[in-house]
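Written below as structure tokens is the structure these notes are about.
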Number of protein chains: 2
Amino acid sequence: MNLEEVARRAGVSRSTVSRVLNGSTGVSPATRAAVEAAVASLRYLPNQAARSLAGTRTDTVAIVVSEERDRVFDDAFLTGVLRGATSGLAGRRAVVAVNPREVSDVDGALVVSMSGHDPLPRELRVPVVLVGRPLSCGLAYVDSDNLGGGVLAGRHLIARERRRIGVLAGPSDVAACVDRVAGLRRALSSSPPAGVITCALTPDSGAAAMASLLASVPDVDGVFCATDAIAIGALRYLASVGARVPEEVSVVGFDDSLVATVCTPALTTVRQSPDDLGNTAAWRLVAELAGEPDLPQSIVLPTELVVRGSS
Amino acid sequence: MNLEEVARRAGVSRSTVSRVLNGSTGVSPATRAAVEAAVASLRYLPNQAARSLAGTRTDTVAIVVSEERDRVFDDAFLTGVLRGATSGLAGRRAVVAVNPREVSDVDGALVVSMSGHDPLPRELRVPVVLVGRPLSCGLAYVDSDNLGGGVLAGRHLIARERRRIGVLAGPSDVAACVDRVAGLRRALSSSPPAGVITCALTPDSGAAAMASLLASVPDVDGVFCATDAIAIGALRYLASVGARVPEEVSVVGFDDSLVATVCTPALTTVRQSPDDLGNTAAWRLVAELAGEPDLPQSIVLPTELVVRGSS
DNA sequence: TCGGGGGTTGGGAGCGCTCCCACGGCGGAG
DNA sequence: CTCCGCCGTGGGAGCGCTCCCAACCCCCGA
């Protein structure tokens, strides 16, 4: 089943069918109708390989998940982004890859990378949109309003009359964490945090960080954690030393992952929407591929405070 | 950059380069080395579109995530399968799709579908391997040993001297749930469950199911939940009515998702490995595409009981 | 010495499509 | 009425590769 057959069926030429199938300017309505009828009755599907070979585009976009370290991504974050992205790709094929080097023959790429300094996106010779703000390079990106979310968390802790606030900040090379903590600092401007501990993005690391925070600031009464995973560890440690949450210490996380609703007490956190992130990034990439002018270099999606029992 | 250039650089013909790049029988060692050197120095990457067009395969596999209902999949399950699958695809490209109808121009497909009766895989005109046992069709599949896991859970409840065991069974058209419950029944053969409630795969639905189980079997002392998500709801409901877990009621889940470690008490559950599932399915598909004979129609991966505080 | 065969290699054809140019027919202007 | 220009259409070229067949070379046996 190829163009030629459709053309024969419609009583026109290959070229005309191609015109109808594509942008198709300058085809008379009658001809167009005939072609469309032939396409429908033959259930014709264009051969993507031939299209790519002859044309200048592949109608394929790479989704690169750069997961260098162990499971830095919240699984729900990743599936959300993936789900949003695939639905926003407007008919283009999505090839997923873990390694950007594997990527070739695509029109563009969506790169989900936690590490803010990842040089790999630059090596792709196609338009790239990042999911998550990069720390170093100047590529287009879509990100949650981590700074604003941090501000919300900070204001909330202040409203709860917390005065000795500690921060479990996550890694210093993860832009999202950096921004979240920056937001908190902004909200706390008059009274800076009593202690800031960097840590990895796991509950265990969060627990360890909570321990050292408590060691250096024994009277801490509020803890802002850069991610829910860290907060889970913090809660666990606090419980293990008998500190009451939220009476003695308020704990606020970030992400609103599923665990935030399940832990005890349920976690006050800042919600972001991974689906929207993926979807928006896909939209931005598609727009760029379509040649739309004046596209924003960065897009920031709102975050929202969700108050639960831990604060 | 095309074959011709590589050929010129290596001082051979297009055909010879092609031979080296592919299975390549009958190329002299010297020639092969020259070609490989040229390929390397030119950083040549074959054009996938041209390959697909000229050859009989596309080196592309579809990963179809058939997520009809709302979020039936545990996110961690999906990311695990995806991660495992992409790494097991042996260099083939993976295109992800939500709808099998979008899929064309692929050599084969991996279908992750919760619904056991999905007719869509059959419509794909390529080899298909399912992740998860289908209820109706006879396609090749890879699945966790849900039955065996159910048996482990049942034996565990018996060892805990539970005698009035209830089941929150999940939906009756989800093969994994059906199998898990069947395993439990097998372990409990001499004393069948005191009550079986079907429910959706969400904590809320689990909580509601726990309520009706408690209504019909007030003295229930053990609950087997077909998934951790259901178990979370059950725990929540039990806590809300003041039932002590595990003293009065033992609760066992299935999946060993992250929440199982976070809830209170931590959940005894059956562990499966989504990564292995995806990886094995990919391997099976690749083997079939490579024409390997005598491939198993079904592959079942082991599950493992993880005992925590809830039982 | 000559012919035959196997191991290597080269080149043509063609996959299905897009792009581009050329061609025919029609209407309006001169 | 003729000429020009435009709209709509057809067909050639060629994208980069694989597949197939033919050509070649060298070594062996007769």
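Letters A, B, ... are given to chains in the order of the sequence lines, protein chains preceding strands, and every chain is numbered from 1.
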- prompt: Does the side chain of B:Ser18 get closer than 4.0 angstrom to OP1 or OP2 of D:dC17 through an N or O atom?
  reply: no

- prompt: For B:Asn2 and D:dC15, is the shortest distance between a side-chain N/O and OP1 or OP2 below 4.0 Å?
  reply: no

query: If you measure from CG on B:Leu89 to CD1 on B:Ile63, what distance do you get to the nearest 0.5 Å?
result: 6.0 Å

statement: dist B:Arg51:CZ -> B:Ser18:OG (nearest 0.5 Å) comes out at 7.5 Å

- prompt: With no hydrogens and no angle check, is any side-chain donor or acceptor of B:Gln48 less than 3.5 Å from a backbone partner on B:Thr58?
  reply: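 Checked: pair present.
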
query: Counting N and O atoms only, with roles assigned by atom type, does the side chain of B:Asp107 sit under 3.5 Å from a partner on the main chain of B:Arg57, one being a donor and the other an acceptor?
result: no

Interface with DNA chain D, restricted to residues 40-49 of chain B and to heavy atoms under 4.0 Å: B:Tyr44, B:Pro46, B:Asn47

[X] [atom1] to [N] [atom2]: how many Å, rounded?
| X | N | atom1 | atom2 | value |
| --- | --- | --- | --- | --- |
| B:Leu3 | D:dC15 | CG | C1' | 13 Å |
| A:Glu4 | C:dG14 | CD | C1' | 13 Å |
| A:Asp59 | D:dC15 | CG | P | 21 Å |
| B:Arg57 | D:dT18 | CZ | P | 7 Å |
| A:Leu21 | C:dT18 | CG | P | 7 Å |
| B:Arg51 | C:dG16 | CZ | P | 19 Å |
| B:Leu53 | C:dG14 | CG | P | 14 Å |

- prompt: Taking atom types as modelled, is there a side-chain donor on A:Thr79 or A:Asp75 under 3.5 Å from an acceptor on the other?
  reply: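 Checked: A:Thr79/A:Asp75 side chains show no N/O donor-acceptor pair below 3.5 Å.
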
Review item, nucleotides 7-10 of chain D N/O atoms under 3.5 Å of protein N/O:
residue : atom : partner : partner atom : Å
D:dT9   : OP1  : A:Ser28 : OG           : 3.1
D:dT9   : OP1  : A:Thr31 : OG1          : 2.2
D:dT9   : OP2  : A:Ser28 : N            : 3.0
D:dG10  : OP2  : A:Ser13 : N            : 2.8
D:dG10  : OP2  : A:Ser13 : OG           : 3.1
D:dG10  : OP2  : A:Thr16 : OG1          : 2.8
D:dG10  : N7   : A:Arg19 : NH2          : 3.4
D:dG10  : O6   : A:Arg19 : NH2          : 2.6

Pairs of donor and acceptor atoms involving the side chains of residues 277-284 of chain A, under 3.5 Å and at least two apart or interchain, shall be tabulated with distances.
residue  : atom : partner  : partner atom : Å
A:Asn279 : OD1  : A:Ser87  : OG           : 3.1
A:Asn279 : OD1  : A:Gly88  : N            : 3.4
A:Thr280 : OG1  : A:Asp276 : O            : 2.6
A:Arg284 : NE   : A:Pro296 : O            : 2.7
A:Arg284 : NH1  : A:Glu288 : OE1          : 2.7
A:Arg284 : NH2  : A:Pro296 : O            : 3.0

- prompt: Do you know the tightest heavy-atom contact between B:Leu285 and B:Pro127?
  reply: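 So the minimum-distance heavy-atom pair works out to CD1-O, 3.7 Å.
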
message: Less than 4.5 Å apart, side chain to side chain, heavy atoms only: is that true for B:Gln272 and B:Asp255?
response: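 They are in contact (side-chain heavy atoms under 4.5 Å apart), so the answer is yes.
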
Reference residue B:Arg92; test side-chain contact (heavy atoms from CB on, under 4.5 Å); the match among B:Thr86, B:Thr60, B:Leu289: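 That would be B:Leu289; it is the only one of B:Thr86, B:Thr60, B:Leu289 passing the side-chain contact (heavy atoms from CB on, under 4.5 Å) with B:Arg92.
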
